2 protein chains.
Amino acid sequence: MNNLAPSSKSIKQRSRLVNDPCDRLRDAIISGDFQPNERLVEADLALRYGAGRTAIRAALATLDQEGLIVREPNRGARVRLISAREAFEIEQVRNALERLLARSAAVRAASGDLDDLRAILAAMTERLRESDSLGYMQLNPQLHRRIWRISDNQVAIKVLVTLKSQSIRSQYGTILRPGRPAQSLREHEAIVAAIAAHDPDACDAAMAEHLGHVLETLQWAIDSQDRQRAWSSREEPTLSAPA
Amino acid sequence: MNNLAPSSKSIKQRSRLVNDPCDRLRDAIISGDFQPNERLVEADLALRYGAGRTAIRAALATLDQEGLIVREPNRGARVRLISAREAFEIEQVRNALERLLARSAAVRAASGDLDDLRAILAAMTERLRESDSLGYMQLNPQLHRRIWRISDNQVAIKVLVTLKSQSIRSQYGTILRPGRPAQSLREHEAIVAAIAAHDPDACDAAMAEHLGHVLETLQWAIDSQDRQRAWSSREEPTLSAPA
DNA sequence: CTGGCGAAGATTGTCGACAATAGTAGCGAC
DNA sequence: GTCGCTACTATTGTCGACAATCTTCGCCAG
C-alpha cells in the first residue's frame with residue numbers, strides 16, 4: 001500500500017502539501033464539518049478550497065475509494081452515511097486485524113517498544129484516576145497504533161487506518177458506557193503484559209476479549225439509540241440521521 | 001464500501017460500462033498484460049483504450065487507491081511490484097478475514113447455501129480425480145467466495161476482493177506444491193462440514209488450518225524462488241522481477 | 001575519459017470551456 | 001385539482017490546450 005496516511009506521499013512542496021484539497025476535504029468530513037448525506041458540489045468545493053475543479057474531482061475519487069463519500073454517475077457526491085450494521089461490520093474486521101497485529105507484536109516487540117507501551121498505560125491510569133474519560137479516550141488509539149507499529153504489517157495497518165477514518169464518523173461512541181473505562185484499562189494492561197511475555201496466543205486472546213467488549217458496547221450503543229429513535233419516530237430503521 | 005466489484009456501480013449505459021477504461025486497465029494489469037514496474041503513460045493508455053486522458057487519469061487514481069499501481073508526483077504511474085514480504089502480509093490479512101467470514105457463515109448458512117458449497121466440493125473432487133490441477137485451482141476461489149456471500153459482511157468482502165486483485169499478480173502460486181491439491185480438498189471438506197454443523201469455532205479452526213497451510217506453501221514458494229535467484233544473480237533480495 | 005552544465009524532449013498537472021445528463025418548475029389539458 | 005409534457009437550470013463528464021516538471025542527450029572543460 002502506498003500511503004497509510006498523508007505521510008508517505010513523497011515530499012512535494014510544502015505549500016502544495018498543506019493545501020492538498022484531498023487531505024483538507026478528508027479532514028473536514030472526518031471532523032464532521034459536513035452532515036452525513038450532504039451533497040458535495042464540485043464547484044462549491046473548488047471555491048471553498050481555492051483549487052480547480054480538476055483537483056477536487058481527483059480528491060472525490062480518492063475519498064470515494066476510501067469509503068468516505070458515495071458518488072453516483074451524473075448525480076454527484078455525498079458524504080457517506082454509515083449504517084449501524086456497517087459500523088458493526090467495520091468493528092468486526094477491526095477486531096480480526098487487531099488480533100493479527102497483536103500476535104505479531106508479541107513476537108517482535110523489543111524493549112524500547114515495551115517502554116513506550118508502558119508509558120501510554122501509565123498515562124491512561126493517570127487519566128482514569130482523575131476521572132478524565134475524554135483524555136483516556138484520546139490515549140486509546142495511541143496505544144493501539146503503537147502496537148500496530150511493533151507488528152509492522154503495513155498491509156493490515158493501511159486497512160485499519162482506512163476503516164478507522166470511516167467509523168470515526170459513526171455516531172456510536174464506544175467508551176461512554178458506565179464503568180467501561182476502568183474495565184478497558186484492565187484489558188489494555190493484559191494485552192501489554194502478553195506482549196511483554198512474548199506470548200502470541202495470550203496476546204491474541206487478550207485483544208480478542210478487549211475488542212469483544214468493544215463490540216458488545218457498540219451493540220449496546222446501537223440498541224439504545226434505536227430505542228431512543230423508536231420513541232420519537234418510526235422511520236428508517238437502518239439509517240441513523242434523518243438527512 | 002461502495003463497489004466490491006464492477007457490479008454495484010449503478011447501471012450506466014452498457015456501452016460505457018464495458019468500455020470503462022478503469023475496469024479494462026485493471027483487468028489488463030491483473031491478467032499480466034503489463035510487466036511489474038512497467039511505466040503507464042497516460043497518453044499511451046488513452047490511445048490504447050480510445051478514451052480521453054481525463055478518464056485514464058481517473059482510472060489511475062482508482063487503481064492507485066486499490067494498490068495495483070504506484071504514482072509518484074510528476075513522474076507518472078507504474079504497475080506496482082509486490083514484494084515477497086508484502087505477499088506474505090497480504091496472505092496474513094486474508095487469513096484473518098477469511099476466518100472471520102467462516103465464523104459468520106457457520107452461523108448464517110441456510111440449506112440452499114450448503115447445497116451450493118457441496119456442489120462446488122463435488123466438482124473439486126471430480127477435477128482432482130482427473131488430475132486436473134488447473135481446474136481444481138479455478139474452483140478454489142469460487143468456494144471461498146461462496147462462503148463470503150453466506151457470511152454477508154460487505155466490508156470484509158470488499159477488503160478481501162481488493163487484496164485478492166493485488167496478490168493474484170504475485171508470482172508465487174500456492175497450489176503447485178506436490179501433494180497439495182489432495183490435502184487442500186480435505187481441508188475444504190472440513191470447512192464445509194463445520195459450516196453445515198453450524199459450528200463457528202470448528203469452522204474458524206478449519207479455515208485457520210487451511211490458510212495456515214497456504215501460508216506455509218507461500219513461504220515455501222518464496223524460499224524456493226529466492227534459492228533459484230540466488231543461483232543466477234545476487235541482486236535485489238526483496239524485489240522479484242529485474243525490471 | 002569523466003563529470004558537470006544546459007537545452008531539448010517527453011510527460012504529468014491544471015485550467016477553462018463545452019457537451020451531456022438529472023432534477024425542477026411552469027404550462028396546458030382533462 | 002391533478003396529470004403529463006416541455007423548457008429551463010444546476011451539476012457533472014469530457015475534451016483540448018497550456019504550464020510545470022522531470023529526464024535525457026549533447027557539449028564542453030578538466
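The structure displayed is predicted, hence computed values, not measured ones. In the text below, chain A, chain B and the rest are named by the order of the sequence lines, each starting its count at 1.
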Send over the distance from Leu47(B) CG to dT11(C) P, rounded to a whole Å. 13 Å
Only counting residues at least two apart or in another chain, list the ones meeting side-chain contact (heavy atoms from CB on, under 4.5 Å) with Ala61(B). Arg71(B)
List, with names and distances, any nitrogen or oxygen atoms from the protein found under 3.5 Å away from nitrogen or oxygen atoms belonging to nucleotides 6-12 of chain D.
unit_1	atom_1	unit_2	atom_2	d
dT12(D)	OP1	Leu40(A)	O	3.4
dT12(D)	OP1	Glu42(A)	N	3.4
dT12(D)	OP2	Glu42(A)	N	3.2

Output side-chain donor-acceptor pairs under 3.5 Å for residues 42-59 of chain A, partner residues at least two apart or in another chain, one line each.
unit_1	atom_1	unit_2	atom_2	d
Glu42(A)	OE1	Arg53(A)	NH1	2.6
Glu42(A)	OE2	Arg57(A)	NH2	3.2

Could you tell me how far apart Ile56(A) (CD1) and dG13(D) (C1') are, to the nearest whole angstrom? 16 Å
Quick one: list whatever passes side-chain hydrogen bond (donor to acceptor under 3.5 Å, both in side chains) with Asp113(B), sequence neighbours left out. Arg146(B)
To the nearest Å, give me how far apart CG (Leu60(B)) and C1' (dT11(C)) are. 13 Å
For Gln142(B), side-chain hydrogen bond (donor to acceptor under 3.5 Å, both in side chains) partners two or more places apart: none
Qualifying residues under side-chain hydrogen bond (donor to acceptor under 3.5 Å, both in side chains), relative to Gln138(B), sequence neighbours excluded: none
